[in-house]
Structures are given as structure tokens and as C-alpha cells.
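Just so it is clear, the model here is predicted, and its values are computed rather than measured.
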Amino acid sequence: MGFADQRFNVNLSILYTELPLLERPAAAAAAGFTAVELWWPWIDTATPEQSELDALKKAIEDAGVQLTGLNFYAGKLPGPDRGALSVPGEESERFRANIDVAVGFADSLGCKALNALYGNRVEGVDAAEQDALALENLVLAARAADRIGAIVLIEALNKPESPLCPLVSAPAAIGVVDKVNEATGLGNAKFLMDLYHLSMNGEDLPSVIEQYAAKTGHVQIADNPGRGAPGTGSLPLEELLDQLKKAGYDGWVGLEYKPGDKPSAEAFDWLPAEARAAR
């Protein structure tokens, strides 16, 4: 097994950021990849002009790559925000306004996975109120995603880098997944297992895989320490992905790592060129 047995996509919101957004899909294709994923690309608006959506769609299609994952609007990311759907007021409203836009864009490109980042705790607002709002918004997102046959992903972040986010463990994220599925009856809420974030939390990664592989809809990787490419840290990523495969996970593995001090095009030496195209 090993890395050559996985289906990888490139996260164009953390790799190739030295290039303009519309040039990144072609750059990933030039490196031999056939699939990409994106955080919500327009951090200042949940509802960009149709011309901007059309331009990005064309760039992805012209590059000949498949969009396999997209975030809903999540505030300023990278930056101080960790999502919008649990934040009362304008941010929650922006998330709701974004649902149909994001789902429509995903549908136009055959993308079947949308990541809904929870959001930070808000000082002075009761946590239970935020969690109730989050569930309400996630139910809306799950129902909209179901209309195009897509899943909604719930991601666990890590406490050292996201101290205000309540979803900083695999069990916390799984708890939300279960609540959304119970509320909708659709079963299309899934866990986004980011091995970097979970390792930063000090979680037992083989145990997490054993317990939650069946509820996992997407996997993302980066090495730790440093959030760099596989091999730059100490995580046994090849072994962990093998374990996921043996546990029945056959979905995408998102490359969501920092290229370091070199161009993104040089950040894939760990993966043979023949293993980059999705099979």
C-alpha cells in the first residue's frame, strides 16, 4: 500500500498561494494532479458576483482538474476566524446567504463535499445559544447539500492554534455530526478527519481511525511539527493512511500543508509523479 495507493487532491488555499487564484488550478495540473479543493475563496463576501464564480469555474475546467471539496463561507480564513455558522448576527446571516451559492457552485463542477467550519466562541454569548444556532445552520446546509447528492463535512481543529473553537477533538466533531444526522434524517453529515489538527491535540490517531473511519467523509494531511509536507515532521502519515484504507475509507486525501520556504511546485517531492493523478 502506501502513498501510491491513495487518491490525493491539492488544497489551493494553502498551496500555490504565491499565484493568483485563477492560475492555481493549472499549476496543480502541471504538477500532475487531477483533483483540487478550496477554502471559500472570497473571504470578504459570502455572495460574490456571478462573474467571479464563472471565472473560477472556467479556470478549474480549463485546467482539467476535478473540484472535490469546497468550504462554505467561513469568515477570514486564514486569519482570526474559524468559521461563521455558530456566530450570532451578521456572520450567521452571511453563512445562510452563502449556502445556496456554495452548493450551486459545487454542483456546477460536480463537487460532492462541502466543509462547514463551526466558528469561535463569542464572548458574552451563552455557549448553548451558539450551539443551537450552529445546529440550525448545519441542518440548512445538509438539506441543501443533499439536493445535489453532496455531503457536509464537520471538521475538528486544534486547540493550540484555535483556542476559541469548541470543536478541537474528534469526539466533539463526531458529536455534531451525529446531531445533524439525527435532526435531518439524511445521513449526509460526515467527519472531516484532519490528521494534523488531531495530532496537534495529542489525540491517539490510530484509535481515532479505528473508531471513526466509518463516519469520515474526507481526510486532510500535513506533517507535524510545522504543518509541512509529509516527511518534514514526525507523523507516520503513510502508515495512518494505510490504516484508514484497511478500515474501509476510500475517499479523497487533501494535501493541506504549507510549502515552506520554497515554491509550491517543489513541495511534492515526497510523492512520485505517477501517484499524483487520481485513479
Side-chain angles (χ1 to χ4, degrees), residues 1-43 52-71 77-78 105-106 108-115 153 155 192-197 218-233 235-242 244-245 249-279:
M1 296 178 76
F3 287 139
D5 198 42
Q6 305 295 333
R7 286 197 298 162
F8 292 108
N9 63 44
V10 178
N11 188 300
L12 298 181
S13 298
I14 194 169
L15 285 153
Y16 292 111
T17 57
E18 65 269 30
L19 298 175
L21 175 63
L22 298 184
E23 294 179 18
R24 296 176 202 172
F33 293 96
T34 55
V36 298
E37 63 181 32
L38 281 162
W39 302 342
W40 183 247
W42 300 278
I43 62 172
E52 294 184 82
L53 294 161
D54 291 344
L56 180 55
K57 179 176 183 286
K58 184 176 187 300
I60 291 169
E61 290 176 334
D62 287 353
V65 293
Q66 173 66 44
L67 181 68
T68 57
L70 177 69
N71 282 18
L77 192 74
F105 184 73
S108 74
L109 286 162
C111 173
K112 298 299 183 182
L114 293 120
N115 184 19
L153 297 165
E155 181 176 7
L192 196 167
M193 186 185 292
D194 186 308
L195 296 176
Y196 166 75
H197 286 313
H218 187 48
V219 172
Q220 291 175 332
I221 63 169
D223 216 331
N224 189 22
R227 201 175 185 177
T232 59
L235 287 184
L237 289 169
E238 200 162 11
E239 295 173 23
L240 293 167
L241 293 179
D242 279 352
L244 266 161
K245 201 93 173 167
Y249 179 75
D250 63 355
W252 295 96
V253 176
L255 304 180
E256 197 188 45
Y257 59 79
K258 298 176 182 178
D261 57 3
K262 54 189 176 184
S264 296
E266 298 175 18
F268 304 108
D269 294 345
W270 59 276
L271 185 63
E274 61 271 18
R276 298 177 189 179
R279 291 163 299 289

List the atom of [X], the atom of [Y], and the distance in Å for their closest heavy-atom pair.
X    : Y    : value
L109 : Q66  : O-NE2, 2.9 Å
A113 : L153 : CB-CD1, 4.0 Å
N11  : Q220 : ND2-NE2, 4.2 Å
L38  : P41  : CD1-CG, 4.3 Å
A222 : L235 : O-CD1, 3.6 Å
A229 : A267 : CB-O, 3.9 Å

- Task: Could you walk me through whether L255 and E37 pass the side-chain contact (heavy atoms from CB on, under 4.5 Å) test, one step at a time?
- Result: CA-CA 9 Å; L255 304 180; E37 63 181 32; over 6 Å; no
Flag, side chain of [X] to backbone of [Y], donor-acceptor distance under 3.5 Å:
X    : Y    : value
E18  : S264 : yes
R227 : Y196 : no
E238 : F3   : yes
Y16  : V10  : no
H218 : G251 : no

Is [Y] close to [X] at the side-chain level, that is, under 4.5 Å between some pair of heavy atoms?
X    : Y    : result
M193 : L244 : yes
W40  : L70  : yes
Y257 : T232 : no
F33  : N9   : no

Between [atom1] of [X] and [atom2] of [Y], what distance do you get to the nearest 0.5 Å?
X    : Y    : atom1 : atom2 : answer
N71  : N115 : CG    : CG    : 4.5 Å
Y249 : R7   : OH    : CZ    : 7.5 Å
D223 : L237 : CG    : CG    : 5.0 Å
L195 : L241 : CG    : CG    : 6.5 Å
L240 : I221 : CG    : CD1   : 9.5 Å
F268 : F8   : CZ    : CZ    : 11.0 Å

For T34, the side chain to side chain contact (heavy atoms under 4.5 Å, CB included) test, sequence neighbours excluded, returns A277, A278
* Asked: Going by atom types only, do W39 and E256 share a side-chain donor-acceptor pair under 3.5 Å?
  -> yes
- Message: Please determine whether side-chain contact (heavy atoms from CB on, under 4.5 Å) holds for the pair L53 and W42, giving the CA-CA distance in whole Å, both sets of side-chain angles, and the decisive distance to 0.1 Å.
- Response: CA-CA 10 Å; L53 294 161; W42 300 278; 3.6 Å; yes
For E61, the side chain to side chain donor-acceptor pair (under 3.5 Å) test, sequence neighbours excluded, returns K57
Would the number of heavy atoms belonging to other residues, nucleotides or ligands and lying under 6.0 Å from CD of E239 be above 12?
no
